[in-house]
Amino acid sequence: MLRTQVAIIGAGPAGLLLGQLLHRAGIGTIILEQRSKDYVLARIRAGVLEQGAVGLIEEAGASARMRQEGLVHDGTEIAFGGVRYRIDFQALTGKTVMVYGQTEVTRDLMDAREAVGAPTVYEALDVTIHAADTDRPSVRYRKDGHETDIACDFVAGCDGFHGVSRQTIPEHALRTYERVYPFGWLGILVDKPPLSDELVYVNHERGFALCSMRSATRSRYYLQCGLDEHLDDWPDDKFWEELRRRLDPEAVARLQTGPAIEKSIAPLRSFVAEPMRFGRLFLAGDAAHIVPPTGAKGLNLAASDVAYLSRAFVEWYQRNSMAGLDTYPRRALARVWKAERFSWWMTQILHRFPESSGFDGKLQAAELDYLFGSKAAQTVLAENYVGLPY
Ligand code: FAD
Ligand code: DHB
């Protein structure tokens, strides 16, 4: 039987960031991750960090490479009706965002954890959580055929949407809210310079497109696609041809294409499980909520949950106070729902919905026209995009 203070399930951004912040506060953790390290690092996901997330990575002692290689963005472009409009985050809010891939954040946090010798068990299979509603919870896992139990004070469920933590909570103790969207995003990663210095979000009659990036030499593009489509339906040439159709001529002229180094399809979903706690089990990140990617909020919400949760654990261990842990669900969920609203709204104004009526289309056009003509509306977008305070 091993023992630790906080057993963390999942070595994604939420689990790794929590582990590092707790380590710095002198709190012991063991992270259990069902996949291998290489598998976790090969997943291409989010790319945009709010200032709050950047600050936490700094606090975690894992920001050196991000500060050197990350790209600071002062604004973004939105294209509609053949015209591109710029939303100037810096002018509207005084804040910026950082373009730095989730893979890189994960790698930096793994390196920082290894450097301090804090334990992570990769390929920990069949993780189960026991007695979460008592003062003496424990977790059990299997590795290389051996079962191990870990006694702990608390369990942090940072194991993503399909993880075991949320599933451990009895149905009567959980309320879920969900919206599934009638489309997905087809993403492609390519070793070519991005077509613009900033991200370009496109609402086109053929569907949404997004031109993003990972560095000055690596680009990330997304296309709205049907839920019934498969990667086999999308050879590289077809992807580039469809992207060109959704971009304006000037953007097309600057688009540099090449062989995809990664290609994936993700369905879009909004989901929240309340109250993010069951006894001494606390959920953080995708384990508790999912947003459609349009607002670039998934990874950032994982970070803000971890900010609240790590401070609450520190309050318990340093001042023997449960106040932070008791109010964690309320404080985290207040911010989660605002990000859910923003991500839903961005999805609503930028995608073509298969069932939408002429009326819906006119409203969408009016919404964008209002946005482009109103500083107040642009400020609402900008302050949500750069991240609400926490
Ligand atoms: P995760 O990153 O999912 O990490 C959870 C970890 O727990 C994983 O390593 C998993 O292997 C592990 N785990 C799962 N089950 C168990 C178990 N039973 N036992 C032990 N370990 C377990 N967000 C954006 O903002 N922009 C994007 O473009 C974007 N693209 C995405 C594409 C995909 C395919 C997905 C799935 C998500 C995407 N997101 C995107 C969302 C963003 O990546 C997530 O919000 C972010 O990864 C959340 O971090 P997390 O640590 O909470 O969860
Ligand atoms: C990226 C993903 C997003 O969902 C988004 O809104 C912006 C950028 C990206 O992967 O680069």
Side-chain angles (χ1 to χ4, degrees), residues 7-19 31-37 39-50 53 71 73 76 78 97 99-103 105-106 109-110 120-129 139-143 155-168 184-189 194 198-201 208 210-215 218-222 262-269 271 283-306 336 339 342-343 346-347 350 385:
I8 299 175
I9 325 271
L16 288 165
L17 191 55
L18 180 64
I31 298 185
L32 299 179
E33 164 61 51
Q34 73 173 357
R35 304 287 189 172
S36 69
K37 185 177 170 181
Y39 182 97
V40 173
L41 285 172
R43 288 189 303 223
I44 306 297
R45 291 180 170 181
V48 179
L49 302 177
E50 298 171 353
L71 307 170
H73 282 200
T76 194
I78 297 182
V97 293
V99 171
Y100 190 64
Q102 176 167 337
T103 314
V105 174
T106 306
L109 288 167
M110 283 175 171
T120 306
V121 183
Y122 291 99
E123 297 174 274
L125 303 178
D126 300 337
V127 171
T128 48
I129 302 167
V139 295
R140 178 176 300 158
Y141 68 96
R142 187 167 54 81
K143 181 165 167 102
V155 181
C158 301
D159 48 354
F161 185 64
H162 300 287
V164 67
S165 300
R166 193 181 67 254
Q167 289 164 26
T168 298
W185 277 19
L186 168 65
I188 200 169
L189 192 66
E198 294 180 343
L199 271 58
V200 186
Y201 289 85
F208 170 82
L210 171 59
C211 309
S212 182
M213 66 193 74
R214 288 292 176 271
S215 70
R218 183 170 282 188
S219 306
R220 178 82 166 151
Y221 294 97
Y222 296 97
E262 194 265 359
K263 205 185 278 171
S264 54
I265 292 183
L268 268 65
R269 179 197 301 267
F271 174 87
L283 303 181
D286 279 17
H289 41 71
I290 296 288
V291 286
T294 329
K297 287 285 165 260
L299 171 57
N300 290 301
L301 270 189
S304 59
D305 286 354
V306 163
V336 165
F342 177 66
S343 304
M346 285 283 278
T347 303
L350 291 174
Y385 195 92

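Keep in mind that the numbers below use all heavy atoms, side chains included, and drop hydrogens, waters and symmetry copies. The structure presented is a predicted model; accordingly, all values stated were derived computationally and were not measured. Ligands are counted one by one from 1 in listed order, and the atoms in each one are counted from 1 as well. The first residue of the sequence shown is numbered 1, and numbering continues consecutively from there.
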S.K.: What do we get for Tyr100 next to ligand 2 when only non-hydrogen atoms under 4.0 Å count, side chain, backbone, both or neither?
M.R.: neither

S.K.: Do any nitrogen or oxygen atoms of Gln34 lie less than 3.5 angstrom from nitrogen or oxygen atoms of ligand 1?
M.R.: yes

S.K.: Where is the nearest protein heavy atom to atom 34 (C) of ligand 1: which residue, which atom, and how far?
M.R.: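 Result for atom 34 (C) of ligand 1: Ala266 CB, 4.1 Å.
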
S.K.: Return a yes/no value for Gly285: is any of its N or O atoms, backbone included, closer than 3.5 angstrom to an N or O of ligand 1?
M.R.: no

S.K.: Enumerate the atoms of ligand 2 whose separation from the nearest heavy atom of Val48 is less than 4.0 angstrom.
M.R.: 7 (C), 8 (C)

S.K.: Can you report which non-hydrogen protein atom sits closest to atom 4 (O) of ligand 1, along with the distance?
M.R.: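 For atom 4 (O) of ligand 1, the nearest protein heavy atom is Gly12 CA, 3.4 Å.
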
S.K.: Of the side chain and backbone of Ala124, name the one, both, or neither that has a heavy atom under 4.0 Å from an atom of ligand 1.
M.R.: neither

S.K.: With atoms numbered from 1 as shown, which atoms in ligand 1 lie under 4.0 angstrom from a non-hydrogen atom of Tyr222?
M.R.: 28 (O)

S.K.: Specify the protein heavy atom at minimum distance from atom 44 (C) of ligand 1: its residue, its atom name, and the distance to 0.1 Å.
M.R.: Asp286 OD2, 3.2 Å

S.K.: Any idea which protein heavy atom is nearest atom 27 (C) of ligand 1, and the distance to it?
M.R.: Ala46 CA, 3.5 Å

S.K.: Does any N or O in the side chain of Thr76 come within less than 3.5 Å of the main-chain N or O of Leu199, such that one atom is a donor and the other an acceptor?
M.R.: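 Yes: the side chain of Thr76 pairs with the backbone of Leu199.
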
S.K.: If you count the atoms of ligand 2 from 1 in the order shown, which ones are under 4.0 Å from a heavy atom of Trp185?
M.R.: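 Listed by number with element: 3 (C), 4 (O).
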
S.K.: Indicate, as side chain, backbone, both or neither, the part of Leu210 found under 4.0 angstrom from ligand 2 when only non-hydrogen atoms are considered.
M.R.: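 Within the 4.0 Å criterion, Leu210 contacts ligand 2 through side-chain atoms alone.
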
S.K.: Mark up the atoms of ligand 1 that fall under 4.0 Å of a heavy atom belonging to Gly163, in ascending order.
M.R.: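 With Gly163 as reference, the close atoms of ligand 1 come out as 15 (N).
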
S.K.: How far is atom 35 (C) of ligand 1 from its nearest protein heavy atom, and which residue and atom is that?
M.R.: Arg45 NE, 3.5 Å

S.K.: Would you mind listing which atoms of ligand 1 come within a distance below 4.0 Å of any non-hydrogen atom of Gly298?
M.R.: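 Going through ligand 1 atom by atom, the ones under 4.0 Å from Gly298 are 25 (O), 45 (O).
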
S.K.: Using a strict cut-off of 4.0 Å, indicate which atoms of ligand 1 neighbour a heavy atom of Ile9.
M.R.: 19 (N), 20 (C)

S.K.: When you measure from atom 7 (C) of ligand 2 to every protein heavy atom, which one gives the shortest distance, and what is it?
M.R.: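 For atom 7 (C) of ligand 2, the nearest protein heavy atom is Tyr201 OH, 3.3 Å.
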
S.K.: For atom 14 (C) of ligand 1, what's the nearest protein heavy-atom neighbour? Residue, atom name and distance, please.
M.R.: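 Minimum-distance protein heavy atom for atom 14 (C) of ligand 1 reads Asp159 O, 3.0 Å.
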
S.K.: Test your reading of the structure: does Thr294 have an N or O sitting under 3.5 Å from an N or O of ligand 2?
M.R.: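 Thr294 vs ligand 2: N/O contact under 3.5 Å present.
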
S.K.: One residue to check: Arg214. Relative to ligand 2, which of side chain, backbone, both or neither has a non-hydrogen atom less than 4.0 Å away?
M.R.: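 Under 4.0 Å from ligand 2, Arg214 contributes side-chain atoms alone.
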
S.K.: Would you say ligand 1 has an N or O under 3.5 Å from any N or O of Gln102?
M.R.: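 Yes, there is a polar N/O contact under 3.5 Å.
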
S.K.: Give me the nearest non-hydrogen protein atom to atom 8 (C) of ligand 1 as residue plus atom name, then the distance to 0.1 Å.
M.R.: Arg43 NH2, 3.2 Å

S.K.: Identify the closest protein heavy atom to atom 10 (O) of ligand 2: which residue and atom is it, and at what distance?
M.R.: Tyr222 OH, 2.6 Å

S.K.: Between Trp185 and Phe208, what is the ring plane arrangement, given parallel below 30°, perpendicular above 60°, and tilted in between?
M.R.: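 Ring orientation of Trp185 relative to Phe208: parallel.
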
S.K.: Starting at OH of Tyr122, measure out to CD of Gln34 and round the result to the nearest 0.5 Å.
M.R.: 13.0 Å

S.K.: Does ligand 1 come near enough to His162 that some N or O of the ligand is less than 3.5 Å from an N or O of the residue?
M.R.: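 N/O-N/O distance below 3.5 Å does not exist for this pair.
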
S.K.: With heavy-atom distances below 4.0 Å as the criterion, list the atoms of ligand 2 near Leu199.
M.R.: 7 (C), 8 (C)

S.K.: Does only the side chain of Pro293 get under 4.0 Å from ligand 2, or the backbone, or both, or neither? Count heavy atoms.
M.R.: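 The answer is both.
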
S.K.: Judging by distance only, is a nitrogen or oxygen of Pro13 under 3.5 angstrom from one on ligand 1?
M.R.: yes

S.K.: Quick check: Gly15 and ligand 1, any N/O pair under 3.5 Å apart?
M.R.: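 No; the residue has no nitrogen or oxygen that sits under 3.5 Å from a nitrogen or oxygen of the ligand.
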
S.K.: In the protein, which heavy atom is nearest to atom 11 (O) of ligand 1, and how far is it?
M.R.: Glu33 OE2, 2.6 Å

S.K.: Run the contact test for Arg45 against ligand 2 with a 4.0 Å cut-off on heavy atoms, strictly below, and give the result.
M.R.: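 Heavy atoms of Arg45 do come under 4.0 Å of ligand 2.
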
